[in-house]
Undergrad: 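Below you'll find the structure I mean.
When reading the values below, keep in mind they use all heavy atoms of this one structure, side chains included, and skip hydrogens, waters and symmetry mates. Proteins get letters first, then strands, A, B, ... in listed order; numbering begins at 1 in each. Computed from a prediction, not measured in an experiment: that's the story for all the values here.
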Amino acid sequence: MDKSMLADMESLPEADRQRMSAMMEQLQIRDSLRMYNSLVERCFTDCVDTFKHKSLQKQEETCVRRCAEKFLKHSMRVGMRFAELNQGAATQD
Amino acid sequence: MDKSMLADMESLPEADRQRMSAMMEQLQIRDSLRMYNSLVERCFTDCVDTFKHKSLQKQEETCVRRCAEKFLKHSMRVGMRFAELNQGAATQD
Amino acid sequence: MDKSMLADMESLPEADRQRMSAMMEQLQIRDSLRMYNSLVERCFTDCVDTFKHKSLQKQEETCVRRCAEKFLKHSMRVGMRFAELNQGAATQD
Amino acid sequence: AANISPDVLDKEQIFGMAEKEMEYRVELFNKITHTCFNKCVDNRYKETELNMGENSCIDRCVSKYWQVTSLIGQLLGSGKPPM
Amino acid sequence: AANISPDVLDKEQIFGMAEKEMEYRVELFNKITHTCFNKCVDNRYKETELNMGENSCIDRCVSKYWQVTSLIGQLLGSGKPPM
Amino acid sequence: AANISPDVLDKEQIFGMAEKEMEYRVELFNKITHTCFNKCVDNRYKETELNMGENSCIDRCVSKYWQVTSLIGQLLGSGKPPM
């Protein structure tokens with residue numbers, strides 16, 4: 001589908017292309033907010049397990065920092081591999 | 001973002017405010033349907049585990065009732081705490 | 001809600017009905033793409049557990065094929081039961 | 001929100017409600033499918049067919065899930081399920 | 001995307017951002033609700049009421065979840081949370 | 001739905017399809033990310049860096065996930081993946 005889709009896109013007049021890129025921008029905003037939400041959920045679930053205090057304890061905070069940093073590095077690596085595979089699929093067929 | 005967002009909102013003409021509140025209403029409907037769906041899933045998963053009968057057994061029904069009631073009470077409590085924290089964040093900065 | 005909804009629908013002019021069916025088509029496309037995504041996730045999670053190789057091993061591939069086929073058969077069966085229950089609910093009240 | 005303009009907004013609301021209802025049904029179907037697969041189907045995938053035990057489990061699972069849906073609908077909506 | 005047409009697109013962007021923000025808040029609330037239910041509430045459902053231990057666990061759980069949200073917001077946005 | 005009006009609806013369909021495709025890719029990426037994190041990364045978070053074992057596991061995990069995607073695409077679409 002990729003190529004036909006992109007071909008269609010290039011044949012569109014300027015106004016439509018603006019609309020398209022506005023749409024993509026909206027999707028990206030939504031996606032990064034969702035990513036943020038699910039990162040918080042993951043690190044909270046993995047790092048916070050006792051509820052004797054109302055405030056985050058020192059070792060919980062350390063755990064959350066490492067979790068977030070590790071997840072972001074992981075996510076970037078997946079992104080690179082994913083892009084390579086997408087490119088391979090596009091040139092292949 | 002809150003305050004700039006809300007400021008923008010108040011400066012909008014009547015027609016736009018109506019559109020905005022219609023949008024919020026749509027989001028609320030969708031959200032309550034999703035909440036309903038996920039409440040059913042949770043209580044079903046926690047309470048129903050044997051499939052020797054086609055009909056819900058008495059103790060399963062009791063479990064589902066308690067699950068739903070407990071979840072709703074929980075959800076209301078979270079909502080109160082969440083609102084307090086949102087308010088604190090808004091007045092704080 | 002079913003019946004009032006459907007009644008409203010039939011009273012709509014042709015243009016609106018076209019718009020409605022376009023909307024349903026869009027939802028169906030989105031839904032089948034989501035179904036595809038979650039089927040892949042399930043079969044990957046259940047069948048692939050070692051990462052000594054870059055390529056899918058024979059027994060992993062067999063597992064994925066069976067998983068997908070079993071899931072599709074399951075999904076069709078659920079669809080039949082679901083349709084019966086929906087119909088029962090519509091004629092009942 | 002019922003007392004705004006008569007024609008245009010009402011139509012938008014009908015479309016909006018129909019869309020939400022479709023989404024709700026699709027999500028319900030997906031949740032039943034996934035939950036009953038987890039409860040009934042052996043995930044070691046030793047074969048391609050669903051066996052008799054799995055099939056009857058699926059039928060009962062869908063039936064019970066439906067009952068839980070109406071039960072909770074009654075609890076929430078004082079007498080009638082949301083849809 | 002700031003230098004296109006002044007009025008029309010800006011309005012659409014305001015609506016779009018407001019919608020995304022609402023969705024974000026709803027999703028955050030749902031995730032807190034589900035996560036804290038899993039962490040704090042006994043899912044054998046022997047009774048209908050939340051007991052004192054559960055209630056205090058819920059309060060602390062929401063509070064800590066909120067702190068994790070701002071902590072990660074700081075890490076991501078170099079100083080300020082996304083919202 | 002191919003034989004309605006030529007220009008206007010086609011354009012709407014192109015936009016609709018492009019949007020669905022974007023959503024699909026984003027969801028696929030998110031699922032790969034979460035699944036491979038669960039399979040490869042130690043969630044005790046003793047350090048901030050991904051070690052060599054984790055890194056190579058991630059690369060293979062993404063590669064295998066991609067293969068499962070095409071394999072199931074072939075099974076579903078009689079020869080070609082949905083996208």
Undergrad: For the pair F/Glu23 and C/Arg30, evaluate side chain to side chain contact (heavy atoms under 4.5 Å, CB included) and give the outcome as yes or no after the intermediate values.
TA: CA-CA 8 Å; F/Glu23 284 178 5; C/Arg30 188 168 65 187; 3.1 Å; yes
Undergrad: Let me see the working for F/Glu54 and F/Asp42 under side chain to side chain contact (heavy atoms under 4.5 Å, CB included), right down to the final yes or no.
TA: CA-CA 8 Å; F/Glu54 287 170 331; F/Asp42 180 4; 3.6 Å; yes
Undergrad: Looking only at side-chain N and O atoms, does C/Ser32 offer a donor or acceptor that is under 3.5 Å from a partner on C/Gln28?
TA: no
Undergrad: Anything under 3.5 Å between a donor and an acceptor, one on a side chain of residues 43-51 of chain C, the other on a protein residue two or more places apart or in another chain? List them.
TA:
from	atom 1	to	atom 2	distance (Å)
C/Thr45	OG1	C/Glu41	O	2.7
C/Asp46	OD2	D/Tyr45	OH	2.7
C/Asp49	OD1	F/Lys39	NZ	3.2

Undergrad: Could you tell me whether the side chain of F/Ile58 reaches within less than 4.5 Å of the side chain of F/Phe37, counting heavy atoms only?
TA: no
Undergrad: Name the region of F/Leu71, side chain, backbone, both or neither, that has any atom closer than 4.5 Å to a heavy atom of chain C.
TA: side chain
Undergrad: Can you pull out the residues in residues 63-77 of chain C with any heavy atom less than 4.5 Å from chain F?
TA: C/Val64, C/Arg65, C/Ala68, C/Leu72
Undergrad: Below 2.5 Å, is that where the SG pair of F/Cys40 and F/Cys57 sits?
TA: yes
Undergrad: Rounded at 0.5 Å granularity, tell me how far CZ in C/Arg34 sits from NZ in F/Lys31.
TA: 9.5 Å
Undergrad: Measure distances from F/Glu27 to the heavy atoms of chain C and classify the residue's part below 4.5 Å as side chain, backbone, both or neither.
TA: both
